[in-house]
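Here's the structure we're looking at; comments come further down.
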There are 2 protein chains.
Amino acid sequence: MQLQQASTADRPRSGGATRWAAPRDAAPPPQGGLDLIEQFGTRRLARRGQEFYAAGDPAQFCYRIVSGCVRTVGLDEDGRRQVAEFLLPGDLFGFDSLDTHHLSAEALTDTVVVCYPRRAVDALAEQHPGLARRLRDLTLRNLRRAHEKMFLLGRKSAGERVAAFLLEMAERTAPGAEGTHIALPMTRADMADHLGLTIETVSRTMAQLCREGAIASCKSGIEIRDREALANFCAGGTRH
Amino acid sequence: MQLQQASTADRPRSGGATRWAAPRDAAPPPQGGLDLIEQFGTRRLARRGQEFYAAGDPAQFCYRIVSGCVRTVGLDEDGRRQVAEFLLPGDLFGFDSLDTHHLSAEALTDTVVVCYPRRAVDALAEQHPGLARRLRDLTLRNLRRAHEKMFLLGRKSAGERVAAFLLEMAERTAPGAEGTHIALPMTRADMADHLGLTIETVSRTMAQLCREGAIASCKSGIEIRDREALANFCAGGTRH
DNA sequence: CGCTAAGTTGACTGTTCTCAAACTTGGTGG
DNA sequence: CCACCAAGTTTGAGAACAGTCAACTTAGCG
């Protein structure tokens, strides 16, 4: 399942754009100090289900998503799973590692990434304090998000978790828009393992949100019908 | 409740060592690139309950604990609380912030810290790539710990959470030692808000661990009686 | 067109929460 | 020194939320 470098490699500006590089879902290259690393980026395609790296692997590469969706996953000896994050076009991953990755990263859909050798990134950071700063800020933002997620997992009800998740996905894919279609490329099992619930509870909760008119379910996604109601649900919809 | 700078400030090497600077619980200054910032450190005493900073405050200082114990806390509008971490001598905090702190930090006991101005730390990091690297690694380790905690909160039972917490505290205060006294300077409420449980559940679970002989409770702490049993409890003690 | 994986729904169980009361503990002042 | 008080902790009984098990439906794919 490991990503094949040779077979899917693709020069950064090579003319042969595949359908994965279609402009409508392509994420722009990063701004700020991070554009320095762009010269070392290599474009790659990962098929649905392919693994970018496994937990414990040496951290050789970091990635930026151009199109598609990726999940980072932790697994314990009992087979219990925790999906740390879902990553969308524009998101970076694999930067948040020391010598080895402690989570695995897998493509949820066919995904195009730009891939940077860590060695080059680290060397560049040595010379450019601005880049080093950006990398630290990136990690700090991830840490902040992790703390918010800890709060979600430790202190929120099933309803609040699902509603918060849907709002987050909506915000990330179509900021501010109401009534638009939100793609949910992950399975119920992925959502459950992300939210600390079971697939049945996720399914039931989404059914309830439909019944109450907050969302409508389309195929492989939802539509936000009543953002207000969803946000409300976030802060104690089930609790009295 | 905000920490008073003037009244508690204390020059780094001033002779007037208070009882808080007693050598037996004093943590050594940091090694690696981090010792560079030591020249800017100022020693301070925070009384039990005092706040180093609140969520939303501009991030002006970062801290290293010399003795005592600190908690970082997130609070939401409903009054629900999440204790992100407990910090012990040698631990650093306040480094994991962007412009503002997103958690508050409070002293659990009378605590001596060394306090570094962020402005100086950042400026130093600009000039010393090694320090910048160390700061990023520090944040990365925090992120890794946050991910482990997410797993704990999302996927483990009450028994596993409490057992894991006690083992973690044991490991941090007396690595490898069995039968030693482990201080627990936090209240049951703090533990509950850290583990995503209620005080009653924490209390009941600890009572059960006592009954089973894994631990014994001393005043304001516990003694690990059977590390094996505790570790066992960690990985599915209540589950079949 | 049937196979498999994913999703839904229902009935039931159980862990954890809630509410309430009794019980420690530590500090304060008479 | 002891009584008192407040804060924290323990324990119990019952309720509720989410989990488990199982049947069924739907969707995707050869």
Measure [atom1]/[X] against [atom2]/[N] and give the value in whole Å, please.
{"X": "B/Arg80", "N": "C/dT18", "atom1": "CZ", "atom2": "P", "answer": "10 Å"}
{"X": "A/Glu160", "N": "C/dC17", "atom1": "CD", "atom2": "P", "answer": "14 Å"}
{"X": "B/Lys156", "N": "D/dG19", "atom1": "NZ", "atom2": "P", "answer": "17 Å"}
{"X": "B/Leu153", "N": "D/dA18", "atom1": "CG", "atom2": "P", "answer": "15 Å"}
{"X": "A/Gln208", "N": "D/dA18", "atom1": "CD", "atom2": "P", "answer": "10 Å"}
{"X": "B/Met206", "N": "C/dT24", "atom1": "CE", "atom2": "P", "answer": "18 Å"}
{"X": "A/Lys219", "N": "C/dA5", "atom1": "NZ", "atom2": "C1'", "answer": "17 Å"}

Hey, can you pull the donor-acceptor pairs under 3.5 Å for the side chains in residues 82-92 of chain B, sequence neighbours left out?
unit_1: B/Glu85; atom_1: OE1; unit_2: B/Arg145; atom_2: NH2; d: 2.6
unit_1: B/Asp91; atom_1: OD2; unit_2: B/Leu88; atom_2: N; d: 2.7
unit_1: B/Asp91; atom_1: OD2; unit_2: B/Arg172; atom_2: NH2; d: 2.7

- Message: Testing the basics here: between B/Ala170 and B/Arg227, what is the closest heavy-atom pair and its distance to 0.1 Å?
- Response: CB-NH2, 4.0 Å
Would you say [X]'s side chain and [Y]'s backbone share a donor-acceptor pair under 3.5 angstrom?
{"X": "A/Arg81", "Y": "A/Leu75", "result": "no"}
{"X": "A/Thr173", "Y": "A/Met169", "result": "yes"}
{"X": "B/Glu212", "Y": "B/Leu209", "result": "no"}
{"X": "A/Asp57", "Y": "A/Ala54", "result": "yes"}

- Message: Determine whether a donor-acceptor pair (one donor, one acceptor, N or O, separation below 3.5 Å) exists between the side chain of A/Arg204 and the base of C/dG10.
- Response: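 Present.
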- Query: Counting a pair only when it is Watson-Crick or G-U and both distances are under 3.5 Å, which runs of at least 3 such pairs involve DNA chain D?
  - Reply: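 So far as stems of 3 or more pairs are concerned, DNA chain D shows C:1-30 with D:1-30.
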- Decide side-chain hydrogen bond (donor to acceptor under 3.5 Å, both in side chains) for A/Thr205 and A/Gln208; before the verdict, give the C-alpha distance in whole Å, the side-chain angles of both, and the deciding distance to 0.1 Å. CA-CA 5 Å; A/Thr205 306; A/Gln208 191 189 342; 5.5 Å; no
- Positions of residues 184-201 of chain B (non-hydrogen atom under 4.0 Å from DNA chain D), listed by number: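 Heavy-atom contacts with DNA chain D come from B/Thr187, B/Arg188, B/Glu200.
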- Message: Do the side chains of A/Arg155 and B/Asp193 get close enough for a salt bridge, i.e. N-O under 4.0 angstrom?
- Response: yes
- Item | Chi angles and distances behind the ring pair (Phe, Tyr, Trp, His ring centres under 6.0 Å) call for A/Phe52, A/Phe61 | CA-CA 9 Å; A/Phe52 291 96; A/Phe61 297 99; over 10 Å; no
